[in-house]
Amino acid sequence: MKDGYNPQQIEEKWQGIWEEKKLYEVSEDPKRKKFYVLEMFPYPSGRIHMGHVRNYTIGDVIARYKRTRGFNILHPIGWDAFGLPAENAAIQRGVHPAKWTYENISQMKEQLKRLGFSYDWTREIATCDPSYYKWEQMVFTMMFERGLAYKKSSVVNWCPSCETVLANEQVVVSGAVLPEPQFGSGGNKQLAPDGNKEIGKCWRCKSEVQLKEMDGWFFKVTEYTEELLECVEKLKDGWPERVLAMQKNWIGKSTGAEIDFPLEERIDGETILRIFTTRPDTVFGVTFMCIAPEHPLAEKLVKGKEKEEEALRFINRVKKQSDVERVAEGTKKEGVFTGSYCKNPFSGERVPIYITNFVLMEYGTGIIMCVPAHDQRDFEFAKEYGLPIKVVIQPVGAIHESPLHLGSMERAYEEPGVMANSGEFSGLPSEVGKEKVIEYVQSKGFGERKVNYRLRDWGISRQRYWGTPIPIVYCDTCGAVPVPDEELPVELPLDVEFTGKGGSPLAKLESFIKTKCPKCGKDARRETDTMDTFVESSWYFLRYASPDFDEGMFEEEKVKYWLPVDQYIGGIEHAILHLLYSRFYTKVLRDLGMCALDEPFSNLLTQGMVIKDGAKMSKSLGNIVDPDDMIQKFGADTVRVFMLFAAPVQKDLDWSDEGIEGAYRFLNRVWRLVSDVFPQIESLKNTKPDLSQIAEPAKELLIKVHKTIKKVTDDLERFQFNTAIAAIMELLNAVSRFEPHTDDDISVLRESVESIVRLLYPVAPHIGEELWESLGYEETLVDKPWMEWDREIVESAAITVVLQVNGKVRSQVIMDSDSDREEMKQAALSDEKVKNYIAGKEIKKVIVVPRKLVNIVV
RNA sequence: GCCGAAGUGGCGGAAUUUGGCAGACGCGCUGGAUUCAGGAUCCAGUGGGAGCAAUCUCGUGGGGGUUCAAAUCCCCCCUUCGGCACCA
């Protein structure tokens with residue numbers, strides 16, 4: 001205790017003790033309430049970064065605190081071990097992805113251990129282990145059999161130089177920062193350093209990305225759209241509003257109707273165009289139709305027409321553009337007249353049909369009705385191409401005063417209003433009109449109510465090596481056949497070559513591809529696509545409940561005990577994909593009869609990024625702060641304190657070299673305080689000061705102690721770690737100023753010092769344990785129940801009553817906490833300063849807020 | 001364009017849950033003590049303006065409102081950040 005604070009030494013000591021005593025290894029205990037704390041597991045990129053440190057520190061504090069509140073804590077960690085960077089390392093440096101990954105894991109594991117996190121390492125998992133992905137393959141085959149996994153052809157981004165498929169995230173869009181590989185394979189968009197030069201290019205080699213039609217596997221997320229959306233309601237108490245808003249946004253529900261517009265002439269057997277609209281109330285205002293260039297009818301509509309050649313050129317030009325280019329800023333709305341017409345089923349008017357670059361084939365029916373008066377895009381297009389505009393919605397009240405008319409319209413009127421020029425529907429409010437029009441088309445049989453979603457099925461195929469093989473065999477006779485359970489896992493072969501060319505190495509590996517059909521036994525070929533790594537991260541939280549179980553994905557009983565995750569913690573960047581996919585996958589498992597879980601994560605905490613000099617830490621900016629350097633310099637406890645103190649958890653945290661020194665100074669002061677007062681308080685172990693006995697300065701300190709316990713407890717419950725630490729600092733300041741004289745004083749001093757140590761423990765566990773030990777206690781703080789604050793002591797505090805005159809603070813007076821209204825009023829009226837302000841004036845009103853203030857209105 | 005979050009000292013932030021002393025705590029800065037010196041540590045000060053001072057006065061993005069009392073509640077506007085976006 002005589003020595004100074006030596007974090008390296010005590011941190012190693014306590015990490016050793018915790019490990020030796022197996023303190024963090026847990027098992028189910030039906031008698032105790034469980035609490036499952038989970039942080040998003042890392043991608044084993046090689047080194048942990050400050051973002052991880054922040055994430056895992058938050059989780060660790062919650063885990064340690066909840067444990068002192070008597071919960072049986074599950075706090076596991078593992079590795080999101082499949083993914084592209086491993087493959088890139090293989091291509092660039094000739095290291096096998098498996099070797100690279102496992103070496104990274106062991107390095108990062110050491111780093112995490114040095115931070116003193118209370119993980120149950122016996123539950124560690126790596127998703128690239130066949131004993132893990134085996135179950136994912138099994139579930140895939142179950143999904144396949146139920147039609148929840150299916151194969152279809154779709155257009156993908158293709159890099160001709162890398163000869164590989166790129167996810168949308170790997171096509172450069174716009175902006176300034178390149179992402180660090182983190183958890184999950186997707187995540188950040190690739191952003192171009194400057195201007196638009198690199199838009200539409202491959203993120204790695206900067207070649208022009210092409211579009212290519214390819215077969216791939218999909219999960220039927222759309223089967224669960226409504227439930228995923230409904231649960232946004234259920235999660236609203238435990239999840240941040242903005243995450244739910246993003247998910248809702250992403251699902252993109254819109255309600256409306258599909259309506260058939262008869263074609264003027266039969267085209268290739270087709271007599272109608274079916275459109276989707278959210279504004280059936282504007283149907284009388286349709287003056288043209290638009291069809292997507294990809295629509296099979298598009299070419300047929302122009303056949304034999306005057307502008308056939310021009311139209312075909314247009315179709316080909318637009319089709320060649322990538323999604324990215326097509327929606328890029330500044331792309332003009334363009335179109336070409338097909339020469340064909342259809343009839344408005346309501347007004348009977350003749351309506352020309354255009355092919356345009358802004359209608360999406362994938363959404364709705366790929367054809368839209370255009371109402372330029374009430375849709376801004378249609379309005380612009382109509383102006384450009386000289387098409388008529390017909391007003392059919394008038395603002396409420398405007399009909400008589402100043403109705404909309406064409407001459408005065410500078411833009412579309414998109415708000416609700418009253419239907420006009422709409423035959424029998426005229427005069428209806430637009431909201432009612434929508435319903436009436438839908439009812440009408442339904443009753444006449446040329447349309448129906450329809451809900452559309454933005455959400456698409458999840459394309460899980462990756463033409464990559466380092467991932468979970470999709471357990472499917474192609475047989476000329478039987479087609480796509482799932483690999484039977486007893487043949488699982490389909491192991492990823494390790495003897496492959498990495499050239500970076502010609503697509504997935506698996507596709508060239510005859511020994512892997514050649515197999516027999518599980519059904520008929522004839523020669524067959526294996527699927528060589530692997531799964532998106534988001535599939536692994538969609539169920540790892542379930543695996544932790546029984547990580548070594550070898551008869552299934554998880555043990556039902558254990559999942560029943562531990563799940564759902566009570567507190568999930570991670571970066572806001574996974575607000576949509578990872579969290580939505582996990583929710584989907586959980587529901588699929590439920591419907592496959594494997595568990596009874598509707599939602600995987602009851603509560604979600606999204607922490608902000610760690611930034612430096614106003615930008616995300618990144619290699620290219622050279623502003624990376626290495627956690628190891630900091631641990632070496634200041635110790636893990638200091639890093640942890642700073643991570644929590646520097647900003648509220650949800651906000652971005654600005655790294656500051658001076659700031660971390662402040663945290664270090666704080667821990668040093670705590671250490672010094674204990675060393676300094678130890679000789680005085682040594683003999684007073686386990687005594688409790690008696691409130692009625694002690695004199696003023698000590699009493700005040702004791703009150704401060706209990707107020708601090710209350711404050712820190714409340715703050716930890718609400719994850720306000722920054723203010724919890726601030727409160728401990730305040731207490732430290734108060735104790736440092738305190739000079740004990742009597743035995744009672746010393747007893748209060750002892751209680752104060754012990755409180756600081758114990759309050760600090762969840763945040764800075766090593767120094768907490770060390771000081772606790774040096775205070776003469778043998779038990780560890782890990783399982784010591786949390787402190788209770790004493791209501792009697794807190795409430796015995798004298799209160800400062802603020803005295804206001806006309807709402808302005810003029811004075812204050814210290815009173816007993818149990819003073820009543822009348823006493824407070826009298827104290828105010830007899831206060832010298834107050835008297836000055838009210839002298840000679842009539843008192844109109846006196847407001848007394850018990851325990852707080854008196855306001856005199858004159 | 002739509003949706004969401006946020007604007008408080010030189011900086012990170014507190015007080016918003018419950019309307020009640022704005023600026024806790026930390027960083028930085030200034031002065032002092034200690035030191036041969038530096039570092040470390042300790043003490044004092046630190047929103048703007050006025051005053052020798054007690055003290056007065058202004059002040060939470062801007063404007064209005066409710067209230068005895070507004071950073072906090074209501075309305076309008078501005079700015080920043082994040083998400084979605086030719087989704088019909």
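Chain naming here is simple, since letters A, B, ... match the order of the sequence lines and numbering starts at 1 in each. When reading the values below, keep in mind they use all heavy atoms of this one structure, side chains included, and skip hydrogens, waters and symmetry mates.
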Using the P atom as the point on both nucleotides, what is the distance between B:rU30 and B:rG83, in whole Å?
40 Å
Quiz question: by atom type and distance under 3.5 Å, do the side chains of A:Y363 and A:S254 form a donor-acceptor pair?
yes
When the P atoms of B:rG12 and B:rG61 are compared, how many Å lie between them, rounded to an integer?
14 Å
Atom pairs, N/O to N/O, protein against nucleotides 13-17 of chain B, distance under 3.5 Å?
{"unit_1": "B:rG13", "atom_1": "O3'", "unit_2": "A:N722", "atom_2": "ND2", "d": "3.4"}
{"unit_1": "B:rA14", "atom_1": "OP1", "unit_2": "A:N722", "atom_2": "ND2", "d": "3.1"}
{"unit_1": "B:rU17", "atom_1": "O2", "unit_2": "A:R718", "atom_2": "NH1", "d": "3.2"}
{"unit_1": "B:rU17", "atom_1": "N3", "unit_2": "A:R718", "atom_2": "NH1", "d": "3.2"}

Whether the A:N733 and A:R669 side chains hold a donor-acceptor pair (N or O, under 3.5 Å, no angle test) is what I'd like checked.
yes
Measure CZ/A:R665 against C1'/B:rA40 and give the value in whole Å, please.
10 Å
Which nucleotide wins on minimum distance to the side chain of A:I576, given the candidates B:rG26, B:rG83, B:rA24?
B:rG83
Would you please confirm or rule out a distance under 4.0 Å between OP1 or OP2 of B:rC86 and any side-chain N or O of A:K333?
no
On the nucleotide B:rC3, are OP1 or OP2 found under 4.0 Å from the side-chain N or O atoms that A:R242 carries?
no
Please tell me if A:R672 has a side-chain N or O lying less than 4.0 Å from either OP1 or OP2 of B:rA40.
no
Do A:D657 and A:W655 have side-chain N/O donor and acceptor atoms under 3.5 Å apart?
yes
Looking only at atom P, what distance separates B:rC73 and B:rU60, rounded to whole Å?
15 Å
Rounded to whole angstrom, note down the P distance from B:rG45 over to B:rG7.
30 Å
With C1' as the reference atom in both, quote the distance from B:rG62 to B:rA50 in angstrom, rounded to an integer.
27 Å
Counting the atoms with a prime plus P, OP1 and OP2 as sugar-phosphate, which does A:G364 contact under 4.0 Å by heavy atoms, base, sugar-phosphate, or nothing?
nothing
Looking only at B:rC58, B:rC84, B:rA88, the nucleotide nearest the A:R454 side chain is B:rC84
When the P atoms of B:rU79 and B:rC29 are considered, how many whole Å apart are they?
35 Å
Base, sugar-phosphate, or nothing for A:V802, non-hydrogen atoms under 4.0 angstrom?
base
Taking OP1 and OP2 of B:rG1, is either one under 4.0 Å from a side-chain nitrogen or oxygen of A:R411?
no
Whether A:N668 contacts B:rA40 is assessed here as follows: a side-chain N or O lying under 4.0 Å from the phosphate OP1 or OP2. Is that the case?
no
Could one point to a donor on the side chain of A:N855 or the base of B:rC68 with an acceptor on the other under 3.5 Å away?
yes
Could you tell me how far B:rA5 sits from B:rC76 if I compare only their P atoms? Round to whole Å.
15 Å
Any chance the rings of A:F634 and A:F642 have centres within less than 6.0 Å?
no
If you count the non-hydrogen atoms of other residues, nucleotides and ligands that lie under 6.0 Å from NZ in A:K707, is the total more than 12?
no
Residues which pass side-chain contact (heavy atoms from CB on, under 4.5 Å) with A:V649, listed by chain and number, not counting sequence neighbours
A:I58, A:L605, A:F719, A:F721
Considering only heavy side-chain atoms of A:I847, the closest of B:rC56, B:rA88, B:rC68 is B:rC68
Count the heavy atoms of every other residue, nucleotide or ligand shown that sit under 6.0 Å from CD of A:E739, and state whether that count exceeds 12.
no
Give A:Q812 one of three labels, base, sugar-phosphate or nothing, depending on what nucleic acid heavy atoms sit under 4.0 Å from its own.
base
Centroid-centroid under 6.0 Å between A:F534 and A:W458 rings
no
From the set B:rC3, B:rA69, B:rC25, return the single nucleotide nearest to any side-chain atom of A:E730.
B:rC25
By a strict heavy-atom criterion of less than 4.0 Å, which residues belonging to residues 287-294 of chain A are in contact with RNA chain B?
none
Look at the side chain of A:Q804 against the base of B:rG20 and say whether a donor-acceptor pair falls under 3.5 Å; ignore hydrogens and angles.
yes
According to a strict under-4.0 Å criterion, is A:R810 in side-chain N/O contact with OP1 or OP2 of B:rC21?
no
The side chain of A:V809 lies closest to which of these nucleotides: B:rG20, B:rA22, B:rA88?
B:rA22
Between A:F358 and A:F381, does the ring centre distance come in under 6.0 Å?
yes
Examine B:rC56: is either OP1 or OP2 under 4.0 Å from a nitrogen or oxygen in the side chain of A:Y837? Give yes or no.
yes
Counting the atoms with a prime plus P, OP1 and OP2 as sugar-phosphate, which does A:N249 contact under 4.0 Å by heavy atoms, base, sugar-phosphate, or nothing?
base
With a 6.0 Å cut-off (strictly less than), is the heavy-atom count around NZ of A:K835, excluding the residue itself, greater than 12?
yes
